[in-house]
Structure formats: structure tokens, C-alpha cells
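Residue numbers start from 1 in every chain, and the chains themselves are labelled A, B, ... in the order their sequence lines are given, proteins ahead of strands.
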2 protein chains.
Amino acid sequence: MNRFTEMHCSIAQAVGVVGEPWTPLILRDLFLGVRRFDDLAADLGVSRNLLTQRLERLMAAGVVERLPYQERPVRYEYHLTEAGRDIVPALTMLMAWGDKWSTPPGGPPALLIHSCGEQFTPVVACPHCGGEVTAESITMVGGPGAAPGPGTWVLAGGSGPVEAG
Amino acid sequence: MNRFTEMHCSIAQAVGVVGEPWTPLILRDLFLGVRRFDDLAADLGVSRNLLTQRLERLMAAGVVERLPYQERPVRYEYHLTEAGRDIVPALTMLMAWGDKWSTPPGGPPALLIHSCGEQFTPVVACPHCGGEVTAESITMVGGPGAAPGPGTWVLAGGSGPVEAG
DNA sequence: TCGACATAGTTCAGATTTTGAACTGACCGA
DNA sequence: TCGGTCAGTTCAAAATCTGAACTATGTCGA
């Protein structure tokens, strides 16, 4: 729980859980197979106490789970839960944005291969028409849970389409 | 510039620019049409000096631009640039994740309408086959810019597909 | 049985960042 | 001249993060 998770906004909810410093990179590493405390700390360069705290928060949020991989002494590995794996597509969009707008020297550090066999740049799509989702092609409207409060007055009351852009 | 933007990882690049506390919500508000300093501060509940700092960083990164909307006295509005609008699809994925895993009381605070006319939940897709991108359907491999260093050893050397999940 | 090593943390002082409230400065309108 | 608007700036206190050392549990080799 932090101030973001108390806002009536789904972006704030997500940011409150997976948007804290280091957390997206922790999730990336877990996805890539870096699962042990010392490996995460070494790979990321994050301080160990903060890593402890972030993993605790992610476990409390149900995004990460800790599983023993040996007894005597008991040692644990961290794994993404279903909710954690479900954030991976959003991470690929961040990666694509970083590649596009931050032009790393020598080209992208990593590439994505889809199960269809092709190397690809991910896009967000509308599942109804299959068309691409861009800032220009969408509108946000208040939903059933719309409520007044910080971060929501724009949509409060479900008062209809908001002109955006 | 911060320690994330110095890493050889596109996710870290993106997080370094748009992942600081409050920044995703600032971008959301700019997208929704909240453009003035006082409106942003009031809507978000962020301290004004931090808002100043975040907007400066976003302008330096080319994600936001400041345009005068009146003279005498000169007053400015903040707008998303092309790079800023380009992050919006990723924000919709965070929103969808928040809706799915954080079950807000009363339902989602906001809904998305695509230009095709349908209300939708965004998905990440492969532009080659149109298939959905999930943690299970993708593999990451080292790209041309792969380099050793914090946050990259997993992919360093372009040593081939990484088993993930 | 001793010492070195491995893993997964915890502790804590100092540095950095963020908050919250008040203040500044330019201008308008009555 | 007074009050209000807008876009910030200033600054002390609070919260967070870093970096290094330390703890705890158990293995292994000599």
C-alpha cells in the first residue's frame, strides 16, 4: 500500500504495485530466469535491503511467489505468479518504447521472438477490430467505478468521452 | 539522467525516463487534457516543486513540451510530444493490468473506446501473425546492442534464446 | 574440528528524495 | 488599492535509498 494504490485509477493501481523504483527491472529479471536473491542483487546493483523490501511488496501483491528449491539449509527462489506473468506484455511495450526513443548505441540490447517464429516489435491492438491502439485512436470514458478524488476528476461521473491528445 | 538510463536495457531506459514516481500519472493527465501546472498539481496531489522537476525532466527527454497559451502574463501549457503520445499504448496496458488484478470496488474507473467504435481491453500483439503476446509466447534474445553490465548479463553476448517463464 | 565458502537475508549511518506549506512575481479586474 | 489567478520557488521536516558490514544456517575439504 502506498498513495498510488489508494487512488481511484487503474494506472495508479498498477504504478503503485509495479511502478516503484527497481520493480520493473526485478520483474524483467524474474521473467528472464534470474530467480535468486544474490543473483538479483548482483545483476541489478540494487541494495540488498531494498531488494528484500521490493520482493516482500511484490509477494504481498500476489505478483511474485517464493518457492524453496532446496532443504537444509532452506533456500528460496522467486517466481512470477500468473499476475506477474500478465505484466510481461506491458514490459515489452516499455522495452519497445525505450528502443524507439532512446536509441541505444549499437542497436537494441535485446530482441523479441514470438511463438510464430518471427522477431517482432510489439504493438497494442484492439481485440475487436485488430487495429492498432495509439493515442490518436482511443478515447477514455468514465467507467462504472468512476469516483471523484485525486487523479480522477477528469473522468468523474462517467460524464462521457474525454477529448484527448 | 539517473542510474536507470545508464543501463544497457531498453526497459531500464524507459523506466529511467517515464518510470519515476508520479511521471506515469502526469502523462496520463496530459493525455486526458489536464495541461496546466496548477491543474496537474491539484488533480494529482503532488507537491509543486516535484511537479516542476518532473516536467523539466520530461521536457529534457523530449516527452513533453511547454507551449504558451497566452501573453501578458505569459502562461504555459504542457503537451505530450510524439514520443509522449507513443507511450500511451503502454499506459493502457498498465491500466488493463490494474483493472484485472486490482479489482477496484464498483468496477473499472475508466473504459477505453477504440476508433472502431468498440469499448475494448487492449492486448499486445505480434504484428507478423496478429497473435497475442504473452509471457509464455515470447523469447528474448540478445540484440546487436547487447553488452555486459548491470541488468544485462542474462542476454549478454547474444548467446541465443533465453528460457523464460 | 577447523576454516573457507555459499545463500539469504538484516542492520544502520549517511545521502538523497519527497512532502507540505508558505512565499514570490507578473498581471488582471473592480 | 485590494483581492484573485497562474506558475512557479524556497525550505525544513519526513521518508526513502545506498553501501557496507554483519548475521544465520549449513556444506565441503583437510
> Could you state the atom-to-atom distance from CG of D38(A) to P of dT23(D) in whole Å?
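In whole Å, dT23(D) P lies 17 Å from D38(A) CG.
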
> So, under a plain 3.5 Å distance rule, would you say the side chain of R75(A) forms a donor-acceptor pair with the base of dT7(C)?
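Flag set: donor-acceptor pair detected.
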
> Decide yes or no on salt bridge (Lys or Arg N to Asp or Glu O under 4.0 Å) for D29(B) and R35(B), but give the supporting numbers first.
CA-CA 7 Å; D29(B) 268 16; R35(B) 301 190 204 290; over 6 Å; no

> Decide whether a cation-pi geometry holds between R36(B) and Y69(B); the criteria are a distance under 6.0 Å from NZ or CZ to the six-membered ring centre and an angle within 45° of the ring axis.
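Yes, cation above the ring, under 6.0 Å and within 45°.
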
> Picking from dT9(D), dC17(D), dT7(C), which would you name as closest to the side chain of R36(A)?
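The answer is dT7(C), which lies nearest to the side chain.
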
> Can you tell me the distance, in whole Å, between the CD atom of E71(A) and the C1' atom of dA6(C)?
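Roughly 17 Å, once rounded to whole Å.
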
> Could you tell me whether R72(B) contacts a base, only the sugar-phosphate backbone, or nothing, with contacts defined as non-hydrogen atoms closer than 4.0 Å?
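Result for R72(B) = sugar-phosphate.
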
> Check the distance between dG19(D)'s P and Q53(A)'s CD and give it to me in whole angstrom.
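Atom CD in Q53(A) sits about 16 Å away from atom P in dG19(D).
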
> Below 4.0 angstrom, which residues in residues 14-23 of chain B have at least one non-hydrogen atom near DNA chain D?
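Hits under 4.0 Å, by residue number: none.
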
> Test your reading of the model: is there a side-chain donor-acceptor pair from Q70(A) to the backbone of P73(A), 3.5 Å cut-off?
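Confirmed, Q70(A) side chain pairs with P73(A) backbone.
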
> Keeping the roles fixed (side chain from N2(B), backbone from G16(B)), state whether a donor-acceptor pair exists under 3.5 Å.
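Flag set: sc N2(B) to bb G16(B) pair under 3.5 Å.
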
> With DNA chain D as reference, determine whether S47(A) or F37(B) sits nearer its 5' end, using the nearest nucleotide of each.
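Residue closer to the 5' terminus by nearest nucleotide: F37(B).
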
> Counting N and O atoms only, with roles assigned by atom type, does the side chain of S102(A) sit under 3.5 Å from a partner on the main chain of D99(A), one being a donor and the other an acceptor?
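No, S102(A) side chain to D99(A) backbone: no donor-acceptor pair under 3.5 Å.
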
> What integer distance in Å separates I26(B):CD1 from dT18(C):C1'?
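It is 13 Å, rounded to the nearest whole Å.
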
> Does the ring center of H114(A) lie less than 6.0 Å from the ring center of F120(A)?
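Yes, the ring centres sit under 6.0 Å apart.
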
> Specify the separation, in whole Å, of atom CG of L51(A) and atom P of dC17(D).
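For the pair L51(A) CG and dC17(D) P, the rounded distance is 13 Å.
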
> Without decimals, in angstroms, what is the distance between M59(A) CE and dA8(C) C1'?
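Rounded to the whole Å, the gap is 12 Å.
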
> Contact class for R48(B) vs. all strands (heavy atom < 4.0 Å): base, sugar-phosphate, or nothing?
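R48(B): base contact, heavy atoms under 4.0 Å.
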
> Give the rounded distance in Å between these two atoms: OH of Y76(A) and C1' of dT25(D).
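The answer, rounded to whole Å, is 12 Å.
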
> What nucleotide among dT18(D), dT10(C), dC6(D) has an atom nearest to a side-chain atom of R3(B)?
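Ranking dT18(D), dT10(C), dC6(D) by closest atom to the R3(B) side chain puts dT18(D) first.
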
> Does R57(B) pair with E20(B) as a salt bridge, N-O distance under 4.0 Å?
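So R57(B) pairs with E20(B) through a salt bridge.
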
> Grab the OH-C1' distance between Y78(B) and dC6(D) for me, whole Å please.
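Atom OH in Y78(B) sits about 11 Å away from atom C1' in dC6(D).
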
> With a 3.5 Å cut-off and just heavy-atom distances, do the side chain of N49(B) and the base of dT18(C) make a donor-acceptor pair?
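Result: no qualifying N/O pair found.
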
